[in-house]
Amino acid sequence: MTARILKSSGKSLLALCLLSSSIHLHAAGSGTVNYPNPSMPSYETDNLNGLPSINSMPSSVQTQDKKTGDNRSPYMSGYPLTGYPQQPGYLLDDNGYAINSLDGKPKLPPFTDYVRKATEQTLPLFGSRLFRNPGNAFEAADGVQVNPDYVIGSGDQLQVKGWGMVDIDLTLTVDRNGAIYLPRVGSIAVAGVRYRDLQATLKKSVSRVFNNFDLSVSLLQSRAVQVYVVGHARQPGSYTLNAMSTLFNAVLKAGGPDDSGSLRNVTLMRDGRAVSKVDLYGILVNGDKSADQSLRDGDVVQIPAAGPRVALLGDVKTPAIYEFRPGETASDLLHWAGGLESAAEGKELLLEKSVDNRFVNLVRNQNSTQGLSAVALNAGDIFRLHVPGAQAVGVLRGDEFVTVGGEVKQTGTFQIRRGETLRQLIMRLGGVDENGYVFATTMKRESIRQMQQQKLDEVATRFERELEQNASLKLAKLTDKDTIAAVTAEVEGQRQIAKKMRAIKSEGRVVLELKDADAQAKDLPDLELQDGDQVEIPRRPGTVYVLGAVYQNNAFIYRPQRSVGDYLSLAGGVTNSGDKSSTYVLRADGTVASSDSGGWFSGVSGKRVNPGDTIVVPEELNSGSWTQSLKEWTSILYQFGLGAAGLKVLK
């Protein structure tokens, strides 16, 4: 080695001095640094702080020493991280609730227990099932790609390689002062430098001494960080994680929030101040980790108490108890639940809410969930999203369900027995409340709706066809401009009526033909129920409607002693264009009473009018196919139970 160095050109005084003193300089075990100057010695990385050191021991002794032991701490030497705090053993049930060791039953939070009693279902807290297995080591893998925003700190192990005017291959550990040492360059502070900027920082320092070179740096082993998880965590405490870990890793490591903890507002504290507030629903629902935060040594993850909660069950993919923020609606609730069950897609949707221990209908939409965005969430709400006719998983073939709402002792969706009738079901549910108006009971059936809609469409098509034919014939015979303009305006008005007819949709109501306003649940017909039927018993109204060719279309207070004539007088009487002889009454039960049905208008007194009835005075119509079609149309409206609503559309 001495001969080789003496033969080389450019011997330096330092090299001669080192040679004469017989000091042996050995290369580090993991790499060497060689400069173009042949007299430049080799360095070994110090075992404790990563600084280059000169070791005078023979290489054989050094080799033996390395074999017998290594006093580096595990996280500095690249050893696998061990000794994480072991979580105390605890058992969770299938819904993620802690099991009481005394009786083996889950300890349910108050709201969960309330929902269980109200619905006979135990719903999990959304997200809790992720934390069911406390034995999982929810740590960031050591082999993952380094985050460019990773901040270098004491204990990180770096590999530096250089070429060109320098020849470097060193493995260095950032010392406690946050620096590394490069021979002929000196100490370089790297603590606090982001990984993306590390290479540029080193090149800048080396360029002060050397030119025409290039280098690369990589992170061989990240340091360990100690963080604290506090608040409403299932296992609060101190945790040692590798430096690639994030806030979500720390929450997972601590077993997640306890039953009273929040997933919507987890706070990362650093140096005594809040650095970030993270909504973990973004990760759980959308897989979006953009809000997740990298951890640093000494960080505190604080899990606050949960905010207001609501429950959602029914035909959704994830029935659960959800935490919500101000301004969020039932539409957000359905999104968190993963949407409707596959069997429920494309069918009529019913959103029900528990009010006074009864489910009442809030939204009924066909093939749409848009109406859900108008339903605000309130603490303690229990929602049920039901799709009539949808066959949920686990329901046996042949089971049939109907929906019952309104003033009934029990409301909601119920399985019916084979051959069970409307009267039998209502009696089985406990009957009707004291405010229930049995006479106005509505029963809707999908097969009836389809048949009625087909009839409506047929009449509308014929109406439009006759309208255009009559208009063409009439205009073809006219030559006077004023007359043509008048007829054209009339035809346009008829077209608007035809357009409104197209907008009317059948509801599929089955007329129950009850006796009068005093009808009770026992008077309901023994009509056999079918799957998907909808029954609604409304609250007893206190008004009677008067519509049509009267001076004041309005709702008037119901008085038992008032007759049809009395209500017409209250409405100001019949207008000059009204056809009083064709006046009819749309009863609240869906039937129709007219002057042709047995002398209804033969006198003024003693004529029965029920609460919720609608008195209709049609316009006087001239004879002709057009007017005949219009009369036929209004007749169909009230025959299909669409009378009052349909007539309002046509006005």
Side-chain angles (χ1 to χ4, degrees), residues 30-31 50 75-81 137-164 166 168-182 185 187-208 213-227 239-253 266-271 273-280 282-284 286-301:
S30 59
Y75 75 89
M76 296 176 65
S77 63
Y79 293 166
L81 294 172
F138 293 108
E139 306 159 18
D142 287 329
V144 299
Q145 183 177 356
V146 182
N147 186 338
D149 291 325
Y150 175 75
V151 178
I152 302 298
S154 300
D156 284 335
Q157 196 174 73
L158 308 176
Q159 183 177 53
V160 183
K161 294 184 178 182
W163 57 93
V166 296
I168 305 173
D169 188 1
L170 281 177
T171 299
L172 304 171
T173 302
V174 182
D175 64 20
R176 293 183 179 179
N177 295 321
I180 59 174
Y181 185 88
L182 285 178
V185 176
S187 180
I188 303 174
V190 293
V193 177
R194 296 186 184 277
Y195 183 70
R196 71 170 80 222
D197 303 322
L198 181 60
Q199 183 166 312
T201 300
L202 295 183
K203 288 184 69 174
K204 182 178 179 181
S205 298
V206 175
S207 65
R208 296 170 183 167
F213 72 94
D214 205 350
L215 62 79
S216 67
V217 60
S218 61
L219 184 67
L220 284 185
Q221 176 66 52
S222 62
R223 66 192 182 280
V225 295
Q226 186 176 36
V227 298
Y239 292 91
T240 303
L241 306 172
N242 70 50
M244 295 299 167
S245 300
T246 66
L247 176 144
F248 193 45
N249 293 122
V251 172
L252 288 166
K253 191 70 177 176
V266 180
T267 305
L268 178 62
M269 306 289 294
R270 184 173 295 157
D271 298 327
R273 61 185 183 86
V275 175
S276 176
K277 292 183 182 293
V278 181
D279 180 4
L280 295 183
I283 300 177
L284 297 175
N286 304 319
D288 180 9
K289 285 184 91 273
S290 60
D292 200 9
Q293 299 290 315
S294 298
L295 297 175
R296 297 186 189 178
D297 196 50
D299 280 352
V300 176
V301 177

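Only a predicted model underlies this, so the values are computations on that prediction, with no experimental measurement involved.
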Does Asp299 reach the side chain of Leu247, with side-chain heavy atoms less than 4.5 Å apart? no
What is the minimum heavy-atom distance between Leu241 and Ser245, and which atoms define it? CB-OG, 3.4 Å
How long is the straight-line distance from CG of Asp156 back to OG1 of Thr173, given to the nearest 0.5 Å? 9.0 Å
Measuring from Leu220:CG to Gln157:CD, what's the distance to the nearest 0.5 Å? 5.5 Å
Of all heavy-atom pairs linking Val278 and Ser276, the shortest is CG2-OG, 3.7 Å
Pair Thr246, Lys289 - check side-chain contact (heavy atoms from CB on, under 4.5 Å), show working. CA-CA 10 Å; Thr246 66; Lys289 285 184 91 273; 4.1 Å; yes
If only atom types and distance count, is the side chain of Asp297 paired as donor or acceptor with the main-chain N or O of Gln226 below 3.5 Å? yes
Does the side chain of Leu172 come within less than 4.5 Å of Leu182's, by heavy atoms? yes
Between Phe213 and Lys203, what is the shortest heavy-atom contact and its length? CZ-O, 3.7 Å
Nearest atoms (heavy-atom pairs only) where Gly178 meets Ser154: N-OG, 3.8 Å
In Å, rounded to the nearest 0.5 Å, how long is the span from OG1 of Thr201 to OH of Tyr195? 12.5 Å
Val185 to Ser205 - nearest heavy-atom pair and separation: CG1-O, 3.9 Å
On a heavy-atom basis, the closest approach of Gln199 and Leu215 is NE2-O, 3.3 Å
Short question: side chain of Asp292, backbone of Phe248 - any donor-acceptor pair under 3.5 Å? yes
Are Asn249 and Leu295 close enough, and set up right, to give a side-chain contact (heavy atoms from CB on, under 4.5 Å), and what steps lead you there? CA-CA 9 Å; Asn249 293 122; Leu295 297 175; 5.6 Å; no
Any heavy-atom pair between the side chains of Leu268 and Val301 that's under 4.5 Å? yes
Spacing of CD belonging to Gln159 relative to OG belonging to Ser218, to within rounding of 0.5 Å: 4.5 Å
When you measure from the side chain of Asn177 to the backbone of Ala179, do you find a donor-acceptor pair of N or O atoms at a distance under 3.5 Å? no
Test item: Leu158 and Leu198 side chains (from C-beta on) under 4.5 Å apart, heavy atoms: yes
Please name all residues satisfying side-chain contact (heavy atoms from CB on, under 4.5 Å) with Ala274, sequence neighbours left out, ordered by chain then number. Thr267, Met269
Is any side-chain heavy atom of Arg296 closer than 4.5 Å to one of Val275? no
Which distance, rounded to the nearest 0.5 Å, do you find between the CD1 of Ile188 and the CZ of Arg208? 8.5 Å
